[in-house]
Amino acid sequence: MLVRVQEADFDPAEILTAELPNACGAVVSFVGTVRDYSESSDILALEIEHYPGMTERELQRVQEEAARRFAILDSGIVHRFGRLGPSERIVLVAVWSSHRAAAFDACRFLIDVLKTSAPFWKKEITPTGARWVTDCPGCRAGTRHGHVHPDVLQES
């Protein structure tokens, strides 16, 4: 299991090929990037903070849960912190499996749980100030149809 929490950017292709286990028939990955907008404002940057040590342990716990639930060979999570601009990569979740269905299911599970349980805090920097992004029922539910974040904490 690969877990990295880092400030530096990462190369998804390098990670996906370097970690390829034997008997792998499917690789499914998700790369999350910084949007240049939110529901109520343009986004100039996103500042991500985390709790070192606790964050890595939680990501490993989530990976172990995915391994118990799905027939996967391995998984990897790389998550960045610090100040990131629009279009910059934030997170990579990757799953290696013998078959695609398990890889897709485990990848969705990992990103959905990661977004709601890992100790990361996000602050959106907008033209009118900064605001912390709060928890959202849609994120917790892992909805497939998208949702909005109307409740954000404004910071002056």
Side-chain angles (χ1 to χ4, degrees), residues 1-20 26-66 72 74-97 103-156:
M1 290 188 304
L2 168 71
V3 170
R4 291 193 330 221
V5 179
Q6 62 191 46
E7 196 165 3
D9 194 12
F10 56 87
D11 179 356
E14 180 182 302
I15 295 166
L16 294 174
T17 56
E19 298 296 323
L20 196 64
V27 180
V28 173
S29 65
F30 169 83
V31 176
T33 59
V34 177
R35 291 185 299 262
D36 64 354
Y37 66 93
S38 70
E39 288 71 26
S40 58
S41 181
D42 291 338
I43 302 297
L44 303 175
L46 185 65
E47 290 182 1
I48 301 173
E49 297 179 11
H50 73 106
Y51 194 106
M54 179 188 286
T55 304
E56 291 84 355
R57 284 189 301 275
E58 178 60 13
L59 296 179
Q60 289 170 343
R61 184 197 68 77
V62 170
Q63 286 179 300
E64 290 166 2
E65 188 174 340
I72 62 174
D74 203 356
S75 65
I77 299 173
V78 178
H79 202 297
R80 293 180 66 194
F81 65 90
R83 188 179 180 107
L84 305 174
S87 301
E88 287 192 65
R89 289 182 282 262
I90 301 171
V91 62
L92 166 72
V93 173
V95 176
W96 295 267
S97 179
F104 276 110
D105 292 344
C107 190
R108 174 176 289 283
F109 171 82
L110 285 168
I111 192 63
D112 287 348
V113 173
L114 177 146
K115 286 190 62 77
T116 58
S117 74
F120 288 104
W121 297 274
K122 297 176 183 177
K123 185 192 304 183
E124 294 177 341
I125 311 302
T126 73
T128 59
R131 62 180 175 232
W132 290 99
V133 178
T134 60
D135 189 30
C136 150
C139 285
R140 280 195 310 274
T143 179
R144 294 174 185 245
H145 304 291
H147 57 280
V148 297
H149 296 122
D151 300 327
V152 291
L153 298 175
Q154 280 297 131
E155 185 175 279
S156 38

Between Cys107 and Val28, the two heavy atoms sitting closest are CB-CG1, 3.8 Å
| query | Side chain of Arg89, backbone of Phe10: donor and acceptor closer than 3.5 Å? | reply | yes
Residues pairing under salt bridge (Lys or Arg N to Asp or Glu O under 4.0 Å) where one sits in residues 48-59, two or more places apart or in two chains, turn out to be Glu58-Arg61
- Task: For the residue pair Thr33 and Ser87, establish whether any side-chain heavy-atom pair is separated by less than 4.5 Å.
- Result: no
So CG of Leu84 and CD1 of Ile125: to nearest 0.5 Å the spacing works out to 11.0 Å
Closest non-hydrogen contact found for Pro86 with Leu44 is CD-O, 3.3 Å
Heavy atoms of Leu92 and Ser29 approach each other most closely as CD1-CB, 4.0 Å
Residue pairs passing the ring-ring contact (aromatic ring centres under 6.0 Å, His included) test with at least one member in residues 28-59, sequence neighbours excluded, are His50-Phe81
So the ring-ring contact (aromatic ring centres under 6.0 Å, His included) pairs with at least one residue in residues 108-131 (sequence neighbours excluded) are Phe70-Phe109, His79-Phe120
Rounded to the nearest 0.5 Å, the CG atom of Leu46 sits from the OG1 atom of Thr126 at a distance of 12.0 Å
Does Gln63 reach the main-chain N or O of Leu2 with its side chain, forming a donor-acceptor pair under 3.5 Å? yes
task: Determine whether Leu16 and Trp96 make a side-chain contact, defined as any pair of heavy atoms from C-beta on separated by less than 4.5 Å.
output: yes
Ile48 and Arg80 have their tightest heavy-atom pair at CG2-O, 3.7 Å
| field | Polar side-chain atom of Ser117 near backbone of Leu114 as donor-acceptor pair, under 3.5 Å | value | no
Of Val113, Leu110, Ile77, the one forming a side-chain contact (heavy atoms from CB on, under 4.5 Å) with Leu59 is Ile77
For Ser38 and Ile43 the tightest heavy-atom approach is N-CG1, 3.8 Å
dist Glu124:CD -> Arg35:CZ (nearest 0.5 Å) comes out at 7.5 Å
